[in-house]
There are 2 protein chains.
Amino acid sequence: MAVHRLDLIERSETLTAQVAEKLREALIGGVFAPGDKITIRAVAKSLGVSLTPAREALSILAAEGALEFGANRTLMVPPLSIDRLAEITRIRIALEGLAAERAARLLDEREITRIVAANEALTRATKAEDFKGAILRNHEFYFGIYRGCRMPTLIKMIEGLWLRTGTYVNLIYPAFGLARKGIENHERAARALKARDAEGLRAAIEFDIRYSAEHLEAELRAKQPEALKLA
Amino acid sequence: MAVHRLDLIERSETLTAQVAEKLREALIGGVFAPGDKITIRAVAKSLGVSLTPAREALSILAAEGALEFGANRTLMVPPLSIDRLAEITRIRIALEGLAAERAARLLDEREITRIVAANEALTRATKAEDFKGAILRNHEFYFGIYRGCRMPTLIKMIEGLWLRTGTYVNLIYPAFGLARKGIENHERAARALKARDAEGLRAAIEFDIRYSAEHLEAELRAKQPEALKLA
DNA sequence: TAACGTTATGTGTTATAACACTTTATCGAA
DNA sequence: TTCGATAAAGTGTTATAACACATAACGTTA
């Protein structure tokens, strides 16, 4: 048999997967407000698909925890209570600390330089008050590190957690992004990374998670004290 | 208005949710073998529902990581490679350690006595070689503890992790359950729990996770050395 | 005007049909 | 018998229709 090595035909993703991805983007992009009800038909119509893939995508997002069921089986963007933020923060510290520690040991030089570059781009974007860009760079920086741990299940779980706070991060980033402390935290992480200091990187990441969570919590208390009562 | 206090009508769960639950039970019950292909129509027919809820339930299970996509969008019960087991074990230690530590501080006396009772029932079932019962008691014991941490998101994540190894635990339990060491581990956890020794409980749980993972790994290497190569 | 019943609209749920693609079975030719 | 083409069955994907239930709008009545 003549063995010509050909690239595989790329199979376009299913509509369900595309809808789910669009919804994730909208969620971290701040398109929805916390507490917004999301209906199947609205999603289907706005993306030009039938009910079937829209509904399936929504139930996937719900399974991932990015959406939640409200009364009467309606779906909504979950509001973030103080308690829930505290819980997510604890889990993030455990999981992202683990990922960071292992990544420090496994990342190769090329990846490290790319991550450091993402961090510099983040600093520039923040100073230029380009918040959309900063959020993207921030994601690149963190997940550039996490991908280094070579634990795909772990990475997927961390992504799920980020999705839950994504809406809020978007809401408060302007105030938070300008804080000098945030940039310092990233610098510390970048230094530990370059030195391959696993414990140091873990500490820096954990500190940054805690720091930004405190910032977000303060913002929550200020802007919507009723978050204390919400589920 | 005559205010007669009536119980609320119980709304039966959707077919989708019921199918998903049945599948989870089958997965931890050892009905499927790792690598088995699962088709939408087979699930639909065997449970007497149409394609729609069957398909939706399957995609939820896939989102939870309990099922995986194989070639050509087929769904299958994910085989457990040594690497993947190692990854899951690391995550479990991080997450279940966190849950146990907080639970030791928050559980009340009534819950603790119920957990200890579940452990005693587990020991009895193991000695009587009632493996089905032992697996159930084991679940009760662990999640009795974890529920005490009052972190619903965390608990759901841990449940997802258990689902991934469920099939295998079922396969190897007879050999594992009889190990005296396993019972000792549980006893140590129960003692720490009664003493409200958070650090001790975390250590006991972490040790038991590591111990049973080693046991499972040895079994994997013995029974199916090809697991090393599988994804 | 306020409370209530009625109708209309919106919404989640489920079944079914149609389509494209893959896998298996079948069968004829070398 | 074996290889390869063709037919058949299987399978995932998607759209649509029908149904039950919830909510909103509307008008009627006291």
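Every chain is numbered from 1, with letters handed out A, B, ... down the list of sequences.
Here the straight-line distance linking atom CG of A:Leu75 with atom CG of A:Asp36 works out to 12.5 Å at 0.5 Å rounding. Distance CZ/B:Arg92 to OG/B:Ser212: 5.5 Å, rounded to 0.5 Å.
For B:Arg73, the side-chain atoms get nearest to D:dG12 when compared with the rest of C:dT13, D:dA15, D:dG12.
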| query | What's the verdict on salt bridge (charged side-chain N to carboxylate O under 4.0 Å, His left out) for B:Arg150 and B:Glu111, showing C-alpha distance, side-chain angles and the deciding distance? | reply | CA-CA 13 Å; B:Arg150 268 87 193 180; B:Glu111 291 165 313; 3.4 Å; yes
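A salt bridge links B:Glu21 with B:Arg24: at least one charged nitrogen is closer than 4.0 Å to a carboxylate oxygen. Salt bridge A:Glu101/B:Arg90: absent, no basic N to carboxylate O contact under 4.0 Å.
Atom CD in B:Glu13 sits about 18 Å away from atom P in C:dG12, given to the nearest Å. Per the geometry, CD belonging to A:Glu56 stands 17 Å off P belonging to D:dT16, to the nearest Å. If you take CZ of A:Phe69 and C1' of C:dT13, they are 12 Å apart, rounded to a whole angstrom. Rounded to whole Å, the distance from CG on B:Leu47 to C1' on C:dA15 is 16 Å. Atom CD1 of A:Ile60 and atom P of D:dT13 are 10 Å apart (whole Å). Atom CE in A:Met76 sits roughly 17 Å away from atom P in C:dT11 (whole-Å rounding).
Here B:Thr52 lies in heavy-atom contact (under 4.0 Å) with a base. If you check every strand for non-hydrogen atoms under 4.0 Å, A:Leu75 touches nothing.
Interface residues of residues 37-45 of chain B facing DNA chain D, ordered by number: B:Ile38, B:Thr39, B:Ile40, B:Arg41; criterion, heavy-atom separation under 4.0 Å.
For the pair B:Thr16 and C:dT14, the criterion of a side-chain N or O lying under 4.0 Å from OP1 or OP2 is met. Within the structure, every side-chain polar atom (N or O) of B:Asn72 is placed at least 4.0 Å from both OP1 and OP2 of C:dC21.
Residue-to-nucleotide proximity on DNA chain D shows that, of A:Ala71 and B:Arg55, the 5′-proximal contact is made by B:Arg55.
Between B:Tyr146 and the options B:Glu159, B:Arg102, B:Glu96, a side-chain hydrogen bond (donor to acceptor under 3.5 Å, both in side chains) holds for only B:Glu96.
The heavy-atom pair separating B:Ala66 from B:Leu163 by the smallest distance is CB-CD2, 3.6 Å.
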